[in-house]
Amino acid sequence: MAARRRATTQISRLAHRAGGTAAADRMVPEETPVAFSFAGTTHAVMMASPADFEDFALGFSLTEGIIAAPDEIEAIEVEDHGAGIDIQIRLKDQANTRFEARRRRLAGPVGCGLCGIESIEEAMRSVDAVGASKLTLEADDIIRSVKLLSKVQPLHTETGAVHAAGFYLPGKGVVMAREDVGRHNALDKLAGALAKANIDGASGAVVVTSRVSVEMVQKTAAIGSAFIIAVSAPTALAIRTAQEAGMTLVALVRGDDFDVFTHPDRVISGVTQHVA
């Protein structure tokens with residue numbers, strides 16, 4: 001296992017304020033390269049907060065479609081190399097055979113640079129369908145989910161500089177949350193934590209502190225949730241992808257206000273049909 005790393009560092013800076021300038025300390029988040037290696041070969045490298053490595057490895061493997069279930073992983077070994085973290089992931093035979101076939105299919109001179117993805121086709125992969133979900137939320141649930149997520153962000157409270165992804169269960173609140181300097185990383189870590197805890201992704205809503213890009217929709221669908229709730233705005237492609245997947249996309253949650261961009265029928269009070 002990797003040596004435990006600090007997620008924050010105290011630094012000194014000059015603070016310019018209306019009353020003058022003074023030297024002061026501030027906590028800032030650490031970020032480090034984290035490599036995911038399968039069968040000894042590096043598949044992707046992320047800049048991430050140095051925490052929750054096993055959750056990260058499991059969640060990335062699930063949301064990127066490398067495995068279909070946690071039991072397809074034989075072992076996860078976290079190695080600290082000083083300059084970065086290498087997570088060695090050993091897949092069981094059948095999963096490893098699928099992964100090797102996938103690598104051969106994607107091998108070639110084209111690279112789009114999206115989080116280690118090796119082809120445009122892979123970046124635009126079809127999203128898991130979640131339209132069969134019977135989950136509904138009241139407007140108060142949506143407002144409450146964002147408020148509750150803000151209370152379980154110790155790194156953000158300390159630094160003001162990281163994203164969070166949480167899982168909201170009606171009647172229970174935010175039952176799981178993870179933070180990271182990268183919004184995709186926070187969601188992958190949440191996916192891994194949910195899988196380890198055997199929490200069904202279809203039972204609740206994913207809540208994020210960031211904007212909603214297409215990758216956030218893809219990863220939420222891979223978790224199995226039919227809801228993504230965000231404090232910031234979505235992209236047009238994220239909206240189209242959520243619509244296709246049967247996912248309810250709620251964004252711009254500010255106080256008691258929010259916008260529902262897709263499948264508003266799951267929000268059962270206080271919402272009218274969204275008009276594009």
Side-chain angles (χ1 to χ4, degrees), residues 1-37 42 44-61 63 76-89 115-116 145-168 173-197 206-213 215-216 219 223 229-232 253-254:
M1 293 294 295
R4 185 175 178 84
R5 291 192 177 205
R6 286 186 54 83
T8 60
T9 295
Q10 182 174 286
I11 57 94
S12 297
R13 91 285 196 203
L14 282 179
H16 291 266
R17 302 292 185 266
T21 301
D25 292 333
R26 181 179 176 87
M27 300 304 293
V28 295
E30 286 286 352
E31 59 179 333
T32 191
V34 177
F36 296 111
S37 298
T42 299
V45 179
M46 308 294 183
M47 296 304 299
S49 297
D52 303 309
F53 296 122
E54 289 196 8
D55 289 345
F56 197 9
L58 175 56
F60 177 86
S61 300
T63 66
I76 296 173
E77 297 177 0
V78 184
E79 301 175 359
D80 192 331
H81 293 280
I85 300 293
D86 185 17
I87 305 181
Q88 294 282 339
I89 304 163
C115 295
S145 70
V146 171
K147 289 180 179 178
L148 291 176
L149 182 60
S150 70
K151 298 179 185 299
V152 287
Q153 298 179 50
L155 278 180
H156 184 74
T157 299
E158 193 173 14
T159 68
V162 297
H163 290 293
F167 193 70
Y168 177 83
V174 174
V175 298
M176 192 78 71
R178 290 292 182 269
E179 295 180 277
D180 198 276
V181 290
R183 55 198 168 88
H184 305 107
N185 301 341
L187 188 49
D188 278 337
K189 289 178 177 181
L190 175 67
L194 291 172
K196 282 169 60 177
V206 168
V207 191
V208 298
T209 59
S210 64
R211 68 183 176 89
V212 183
S213 63
E215 301 101 317
M216 301 295 276
K219 290 177 183 293
I223 288 171
I229 300 169
V231 299
S232 295
V253 185
R254 309 289 169 84

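Arg13 meets the side chain to side chain donor-acceptor pair (under 3.5 Å) test with no other residue; sequence neighbours excluded. With sequence neighbours left out, the side chain to side chain donor-acceptor pair (under 3.5 Å) criterion links Ser232 to no other residue. Take Asp52 and apply the side chain to side chain donor-acceptor pair (under 3.5 Å) test, not counting sequence neighbours, and it matches no residue. Among residues two or more places apart in sequence or in another chain, the side-chain contact (heavy atoms from CB on, under 4.5 Å) test is passed with Thr157 by none. Listed by chain and residue number, Asp86 satisfy the side chain to side chain donor-acceptor pair (under 3.5 Å) test with Gln88 (two or more places apart in sequence, or in another chain).
In terms of modelled atom types and a separation under 3.5 Å, the side chain of Thr9 and the main chain of Val28 share no donor-acceptor contact. A donor-acceptor pair is defined here as one N or O able to donate and one able to accept, closer than 3.5 Å; such a pair exists between the side chain of Thr159 and the backbone of Ala161. Side-chain atoms of Gln153 never come within 3.5 Å of backbone atoms of Glu179 as a donor-acceptor pair (strictly under, hydrogens ignored). Panel note: side chain Asn185, backbone Met47; a donor-acceptor pair is recorded below 3.5 Å. Under a 3.5 Å cut-off, the side chain of Arg254 and the backbone N or O of Val231 do form a donor-acceptor pair. Of the possible polar contacts, one joining the Thr209 side chain to the Ala164 backbone as a donor-acceptor pair under 3.5 Å is found.
Sorted by first and then second residue, the pairs that involve residues 181-196 and meet salt bridge (charged side-chain N to carboxylate O under 4.0 Å, His left out), not counting sequence neighbours, are Asp55-Lys196, Asp180-Lys189, Asp188-Lys219.
Tyr168 places a side-chain heavy atom less than 4.5 Å from the side chain of Leu148. Contact annotation: the side chain of Phe60 never approaches that of His184 to less than 4.5 Å [non-hydrogen atoms, C-beta and beyond]. The closest side-chain heavy-atom distance from Ile223 to Val206 is below 4.5 Å.
When Leu194, Val207, Leu149 are each tested for a side chain to side chain contact (heavy atoms under 4.5 Å, CB included) with Phe167, only one passes: Leu194. None of Met27, Arg26, Glu30 except one satisfies the side chain to side chain contact (heavy atoms under 4.5 Å, CB included) rule with Thr8; the exception is Met27.
Minimum heavy-atom separation, Gly192 to Leu58: O-CD2, 3.5 Å. Contact record, Gly84 with Thr32: CA-OG1, 3.7 Å, taken as the closest heavy-atom pair. Closest approach of Ser210 and Ala230 over heavy atoms only: O-CB, 3.5 Å. Between Pro33 and Ala83, the closest heavy-atom pair is CD-O, 3.3 Å. Among all heavy-atom pairs drawn from Ala197 and Met176, the shortest one is CB-CE, 3.8 Å. Nearest heavy atoms, Ser61 versus Ile89: OG-CD1, 4.0 Å.
The CG atom of Asp80 sits 11.0 Å away from atom CD1 of Ile87, with the distance rounded to the nearest 0.5 Å. Interatomic distance, His163 NE2 to Ser49 OG, rounded to the nearest 0.5 Å: 10.0 Å.
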